[in-house]
Amino acid sequence: MATIIVPENVSIHEDAENLQKACKGWGTDEKAIINILGHRNAIQRKQIRQTYEELYQEDLIKRLESELSGDLEKAVYRWILDPVDRDAVLANVAIKKAETEFPVIIELSCIYSPEELLAVRRAYQSRYKRSLEEDVAAHTTGDLRKFLVGLVTTYRYDGPEINERLAKSEADILHEAIKDKIFNHEEVIRILTTRSKAQLKASFNRYRDEHGTSITKKLLKDESNVLQKALHAAIRCIDDPKKYYEKVLRNAIKRSGTDEDALTRVIVTRAEKDLKDLKELYYERNSVALDDAVSKETTGDYKKFLLTLLGKED
């Protein structure tokens, strides 16, 4: 369930006018920007952008980029974009890092539905005039490249049907490869990049039933192997996205120095989807409210904006 609180009566025209006032003259009224945009859904934010441009012949996104800075600017920029365009930007930012931030690519490939992933690929191509798979391939090498390109180009069957016999045989293939540490086994990559999520979950369940432990625990033993880390992330995303995201939040907050990029990414991308569920899971696993953890680890207007998206009222 979503966490953002949207008022019943919203005037898009007034929102555009008030945003222009917040950006006009000396100094920026960050509080006004947060109060408006932090309480509008994706459709309303798009309408505000369109109305603002009609009224002032100016791109609201570019204006906000020039008015804001730091973590707040980055968070507001990601929030105000159309969700599918935002995902394309997040993918591009991840790809351009010195070492590809493959968890972002894996999230898009393994948590999103086939149609959602296809929409992101189209948005990426429209924005950057290159394909997502082309850029992933250009910034990775070897087995990791093979795996990630396989993930972003797949169009999985999205139905509930499963084949139990296939689940057993592929659970055995996965077990043997992990036992022998052959993580680049062609069959492992084929299974994880082509099977439906329902079929993969059946294989993961079969693995746990037959070997007394989850496949993800078996993959945790050697964190130095980059392909192994990617396989582990993909399996966790497919098996239980909410647990995956909760751990991303926990790591972003608990590590020495807050990982603002990861924190922003999860809050911004899930605020209109299932962030309420993630908050409940976070509290259950950490005995601390996510709102309180975010409040403690962030500051200023960036903190206010994240808390607004988390549904915390002043």
Side-chain angles (χ1 to χ4, degrees), residues 1-5 41-42 75 78-79 83-84 86-87 90-91 94 101-117 119-120 151 154 156 158-160 162 192 195-209 213-220 229-255 258-295 297 306-312:
M1 291 177 65
T3 51
I4 68 160
I5 300 168
N41 62 35
R78 280 151 175 63
W79 178 246
V84 70
R86 172 208 301 148
D87 290 330
L90 288 171
E101 186 68 14
F102 57 78
V104 176
I105 306 303
I106 291 170
E107 288 167 20
L108 295 172
S109 303
C110 297
I111 294 176
Y112 284 31
S113 72
E115 286 295 332
E116 288 171 331
L117 175 58
V120 174
L151 286 179
T154 192
R156 302 178 193 271
D158 202 27
I162 61 169
L192 293 178
R195 292 297 184 209
S196 73
K197 293 177 187 176
Q199 185 64 45
L200 285 169
K201 286 182 181 181
S203 293
F204 301 156
N205 289 338
R206 197 63 182 256
Y207 186 106
R208 183 172 55 247
D209 292 345
T213 188
S214 69
I215 186 170
T216 50
K217 285 185 179 174
K218 281 290 184 182
L219 276 167
L220 271 174
K229 287 171 71 176
L231 295 173
H232 181 259
I235 291 170
R236 293 190 70 241
C237 283
I238 292 166
D239 195 39
D240 197 327
K242 288 176 185 176
K243 286 184 179 178
Y244 169 84
Y245 278 128
E246 184 279 328
K247 189 168 183 182
V248 173
L249 288 169
R250 189 179 351 139
N251 288 342
I253 291 168
K254 286 195 172 180
R255 284 180 177 166
T258 306
D259 183 349
E260 287 85 2
D261 280 353
L263 185 61
T264 298
R265 182 176 85 249
V266 177
I267 291 176
V268 164
T269 60
R270 309 315 293 184
E272 292 182 90
K273 294 180 178 179
D274 56 3
L275 191 52
K276 190 172 283 187
D277 297 333
L278 296 182
K279 285 174 67 173
E280 290 174 3
L281 184 59
Y282 187 92
Y283 183 77
E284 182 183 310
R285 293 193 151 201
N286 301 279
S287 301
V288 175
L290 181 58
D291 295 356
D292 293 339
V294 168
S295 184
E297 295 298 325
L306 292 188
L307 291 176
T308 299
L309 296 188
L310 282 162
K312 189 174 179 63

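Any value given below was found using the heavy atoms of this structure, including those in side chains, with hydrogens, waters and symmetry copies removed. Just so it is clear, the structure is predicted and the values come from calculations on it, not from any experiment.
Minimum heavy-atom separation, Ala234 to Ile106: CA-CG2, 3.4 Å. In this structure, Ile253 and Ala293 approach most closely via the heavy-atom pair CD1-CB, 3.9 Å. In terms of heavy-atom proximity, Ala75 sits nearest to Val268 at O-CG2, 4.0 Å. Of all non-hydrogen atoms in Ile238 and Phe204, the two that sit nearest each other are CG2-CE1, 4.0 Å. When all heavy atoms of Leu151 and Cys110 are compared, the pair lying nearest together is CD2-SG, 3.9 Å. Shown here for Ile5 and Gly311, the closest heavy-atom pair between the two residues is CD1-O, 3.5 Å.
A cation-pi arrangement is present between Lys273 and Tyr112 under the rule of less than 6.0 angstrom and at most 45 degrees off the ring axis.
To the nearest 0.5 Å, atom CG of residue Asn205 and atom CG of residue Leu200 are 11.0 Å apart. In this structure, OG1 on Thr216 lies 12.0 Å from CG on Leu231, to the nearest 0.5 angstrom. One finds the CG atom of Leu108 at 8.5 Å from the CD1 atom of Ile111 (value rounded to the nearest 0.5 Å). Annotation: the span from Ile267 atom CD1 to Thr308 atom OG1 amounts to 11.0 Å, rounded to 0.5 Å. Taken from CZ in Arg285 to CG in Leu278, the straight-line distance is 11.5 Å, to the nearest 0.5 Å. Atom OG of Ser214 is separated from atom CG of Asp209 by 11.5 Å, given to the nearest 0.5 angstrom.
Counting only distance, with no hydrogens or angles, the side chain of Lys201 and the backbone of Ser196 share no donor-acceptor pair below 3.5 Å. Within the 3.5 Å criterion, the main-chain N or O of Leu310 finds a donor-acceptor partner in the side chain of Lys279. Side-chain atoms of Asn286 come within 3.5 Å of backbone N or O of Tyr282 as a donor-acceptor pair. Panel note: side chain Thr3, backbone Leu309; a donor-acceptor pair is recorded below 3.5 Å.
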- prompt: Could you walk me through whether Ile4 and Trp79 pass the side-chain contact (heavy atoms from CB on, under 4.5 Å) check?
  reply: CA-CA 12 Å; Ile4 68 160; Trp79 178 246; 3.7 Å; yes

task: Begin with the C-alpha distance, continue with both residues' side-chain angles, and end with the deciding distance and a verdict on salt bridge (Lys or Arg N to Asp or Glu O under 4.0 Å) for Glu246 and Arg250.
output: CA-CA 6 Å; Glu246 184 279 328; Arg250 189 179 351 139; 2.7 Å; yes

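Under a cut-off of 6.0 angstrom, the local environment of NZ in Lys243 is sparse, with at most 12 non-hydrogen atoms contributed by other residues, nucleotides or ligands. Other residues, nucleotides and ligands place no more than 12 heavy atoms under 6.0 Å from the OH atom of Tyr283.
Checked options Arg86, Arg270, Glu260, Glu107; the residue passing with Arg265 is Glu107 (criterion: side chain to side chain contact (heavy atoms under 4.5 Å, CB included)).
The shortest distance between side-chain heavy atoms of Thr269 and Leu90 falls below 4.5 Å. Contact check for Phe102 versus Ser109: no side-chain heavy atoms found under the 4.5 Å cut-off. Two residues are said to be in side-chain contact when any heavy atoms from C-beta on lie closer than 4.5 Å; Leu249 and Tyr245 fail this criterion.
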